[in-house]
Number of protein chains: 2
Amino acid sequence: MLMQGKNAFENAELATAGTRGQSLSSIFHGCATETITASQAICWEGDQAKYLFQVVEGVVRLHRIIGEGRRVITAFHFAGDVIGASLLEDFSFTAEGVTDCKIRRVSRKCFQEEVTRCDNLRPAYIGLLCRENAAAHDQMVLLSKKSAEERLCSFILNLALRPGSQCQGLLRVPMNRLDIADYLGLTIETISRTITKLAARKVLAAEGRHDLRIISMDKLARLTGSADDFSAKTCHRGSIH
Amino acid sequence: MLMQGKNAFENAELATAGTRGQSLSSIFHGCATETITASQAICWEGDQAKYLFQVVEGVVRLHRIIGEGRRVITAFHFAGDVIGASLLEDFSFTAEGVTDCKIRRVSRKCFQEEVTRCDNLRPAYIGLLCRENAAAHDQMVLLSKKSAEERLCSFILNLALRPGSQCQGLLRVPMNRLDIADYLGLTIETISRTITKLAARKVLAAEGRHDLRIISMDKLARLTGSADDFSAKTCHRGSIH
DNA sequence: CGCCGACTTGAAGTCGCTCAAGAGCGGTGG
DNA sequence: CCACCGCTCTTGAGCGACTTCAAGTCGGCG
């Protein structure tokens with residue numbers, strides 16, 4: 001799993017702590033870490049949302065099932081991310097490890113008490129909810145109007161723009177083709193074909209199943225179909241100052 | 001514009017006031033109402049989000065534009081709804097009247113001060129953010145995995161389940177075909193064809209451009225592709241107690 | 001009555017899906 | 001060490017749902 005996870009976590013800690021008031025991570029500090037293996041469930045759609053989780057290491061996917069066998073992945077969560085902040089009663093998703101993971105858990109009650117008690121945690125909490133909302137809206141736009149190529153490029157660009165995601169120019173893609181397909185509203189075949197096409201056009205190169213070498217960040221950004229995706233997203237993480 | 005708007009607004013007032021603590025409507029109470037004509041803009045994507053709005057009467061659409069001419073409607077807002085609660089810096093959408101509207105406006109600063117000052121407004125605010133998130137996720141699922149027919153049925157069912165939406169068995173659909181298409185990630189032609197098909201199957205009947213008679217709520221619910229859409233959504237509004 | 005915009009209907013085209021076969025890779029066991 | 005297996009991923013061919021383009025229809029309003 002490399003040491004990427006731990007580093008990313010510490011990055012996230014520093015980043016959120018620096019922005020507005022205190023970091024939500026402090027709520028999880030005392031908690032023991034639990035170990036989750038790849039594709040093990042953390043919680044189930046429909047269950048009462050008694051807990052919130054924080055990813056310490058690894059990657060988690062959230063999904064919903066509709067009808068028979070239609071799975072939609074609504075989000076991936078990385079080291080430092082909090083899962084379940086925007087829930088009222090029940091889990092609206094099943095959470096599973098994409099990779100082996102370490103997570104922490106607090107009860108919803110405890111979380112809410114902390115947020116109520118500490119005035120300076122509240123902006124962080126509200127901020128988290130707002131950012132989740134913004135991400136959901138971006139995803140709606142992607143699913144509503146973008147072509148397969150634009151979707152994949154948007155996804156890869158977002159991955160690449162996470163701090164610490166690249167190691168010697170190599171982008172780690174922890175999720176498999178099916179995960180990507182279910183996240184982007186496509187099929188594994190389309191994902192595969194589109195990667196092949198992008199490789200042929202020298203936008204990127206696949207190195208094994210879980211690594212991409214991005215040859216031209218510029219081309220990639222121009223292919224996202226978001227007009228100004230590159231600048232917008234680059235600013236996104238830094239602009240909260 | 002019928003008097004439906006006013007009634008719906010009062011319904012919404014009562015409903016939110018009853019749930020958790022105070023209603024966010026109280027923040028808008030003193031403000032003068034502004035009049036917006038159909039398709040007039042209330043705010044623009046990219047502008048600094050200085051204000052929040054509350055719809056008093058009529059229907060508002062939120063949209064984003066990507067590339068040249070691709071419009072995505074991310075939400076419709078009805079009487080009682082608050083617009084802009086989940087924003088941090090800038091408007092991430094353009095808001096326009098679907099119909100002639102009456103709205104109220106408060107500055108973000110004022111809104112935030114009120115929420116900070118009144119402890120019993122905070123649950124309402126958090127609740128709003130969470131419900132927006134849940135709605136966005138439902139829409140992601142719709143856009144990701146549902147067929148044209150399932151999308152349209154989901155949309156119509158959601159409209160029909162708003163309290164006070166039906167008048168003598170007739171469902172008012174204030175938005176035109178293009179609005180519906182851009183909301184569901186389809187084209188006007190597909191919307192039109194699908195309505196025709198549903199009418200042929202005696203699920204519903206179109207009566208003019210802006211009214212639908214739902215012949216079988218059961219059939220409609222079964223066609224949404226959400227497994228348990230009907231029960232889930234029916235509970236949705238009442239279950240917060 | 002005639003015009004205009006919104007909607008409907010039809011025919012052809014396309015993008016992504018489905019089905020099916022084959023390739024690559026990692027693990028296991030002889 | 002190689003043979004084998006299972007799984008994921010890739011590639012190909014055909015198909016289908018929705019789009020695009022193009023008429024035609026409806027309904028409201030001057």
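What you see is a predicted model; the values in this text were computed from it and never measured.
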Between atom [atom1] in [X] and atom [atom2] in [N], what is the gap in whole Å?
{"X": "Ile188(B)", "N": "dT8(C)", "atom1": "CD1", "atom2": "P", "value": "9 Å"}
{"X": "Leu184(A)", "N": "dG16(C)", "atom1": "CG", "atom2": "P", "value": "12 Å"}
{"X": "Leu212(A)", "N": "dC9(D)", "atom1": "CG", "atom2": "P", "value": "12 Å"}
{"X": "His210(A)", "N": "dG24(C)", "atom1": "NE2", "atom2": "P", "value": "18 Å"}
{"X": "Leu178(A)", "N": "dC7(D)", "atom1": "CG", "atom2": "C1'", "value": "13 Å"}
{"X": "Glu207(A)", "N": "dC9(D)", "atom1": "CD", "atom2": "P", "value": "17 Å"}
{"X": "Lys145(B)", "N": "dA17(D)", "atom1": "NZ", "atom2": "P", "value": "17 Å"}
{"X": "Asp211(B)", "N": "dG28(D)", "atom1": "CG", "atom2": "P", "value": "11 Å"}

Measuring to OP1 and OP2 of [N], would you say a side-chain N or O of [X] lies under 4.0 angstrom away?
{"X": "Arg193(A)", "N": "dT11(D)", "value": "no"}
{"X": "Thr196(A)", "N": "dT10(D)", "value": "no"}
{"X": "Thr187(B)", "N": "dC18(D)", "value": "no"}

Inset, instruction - Scan Ile191(B) against the nucleic acid and name what it touches under 4.0 Å (heavy atoms): base, sugar-phosphate only, or nothing. - result: nothing
Inset, instruction - Pick base, sugar-phosphate or nothing for Ile195(B), based on heavy-atom distances below 4.0 Å to the nucleic acid. - result: nothing
Legend entry - Nearest-0.5 Å distance that lies between atom SG in Cys43(A) and atom CZ in Phe53(A): 5.0 Å
Inset, instruction - Could you tell me whether Arg64(A) sits above the aromatic face of Phe93(A), with NZ or CZ closer than 6.0 angstrom to the six-membered ring centre and within 45 degrees of the axis? - result: no
Inset, instruction - Name the residue closer to the 5' end of DNA chain D, choosing between Lys197(B) and Glu189(B) according to the nucleotide with the nearest heavy atom. - result: Lys197(B)
Inset, instruction - Hey, which sits more toward the 5' end of DNA chain D by its nearest nucleotide, Arg209(B) or Ala206(A)? - result: Ala206(A)
Inset, instruction - For salt bridge (Lys or Arg N to Asp or Glu O under 4.0 Å), just list the numbers for Glu34(B) and Lys102(B), CA-CA rounded to whole Å, side-chain angles, deciding distance to a tenth of an Å, and then say yes or no. - result: CA-CA 6 Å; Glu34(B) 301 172 35; Lys102(B) 285 196 171 40; over 6 Å; no
Legend entry - Shortest non-hydrogen contact between Ile214(B) and Ala160(B), atoms and distance: CD1-CB, 3.7 Å
Can you give the donor-acceptor pairs under 3.5 Å from side chains of residues 70-80 of chain B to other protein atoms, not counting sequence neighbours?
unit_1   : atom_1 : unit_2    : atom_2 : d
Arg70(B) : NH1    : Lys145(A) : O      : 2.9
Arg70(B) : NH1    : Glu150(A) : OE1    : 2.9
Arg70(B) : NH2    : Glu150(A) : OE2    : 3.0
Arg71(B) : NE     : Asp182(B) : OD2    : 2.7
Arg71(B) : NH2    : Asp179(B) : OD1    : 3.0
Arg71(B) : NH2    : Asp182(B) : OD2    : 3.0
Thr74(B) : OG1    : Leu62(B)  : O      : 3.4
His77(B) : ND1    : Asp81(B)  : OD2    : 3.4

Inset, instruction - Identify which nucleotide among dG16(C), dC18(D), dT8(C) has an atom closest to any side-chain atom of Arg177(B), counting heavy atoms from C-beta outward. - result: dT8(C)
Legend entry - Closest to the Ser192(B) side chain, choosing from dC26(D), dT8(C), dT20(D): dT8(C)
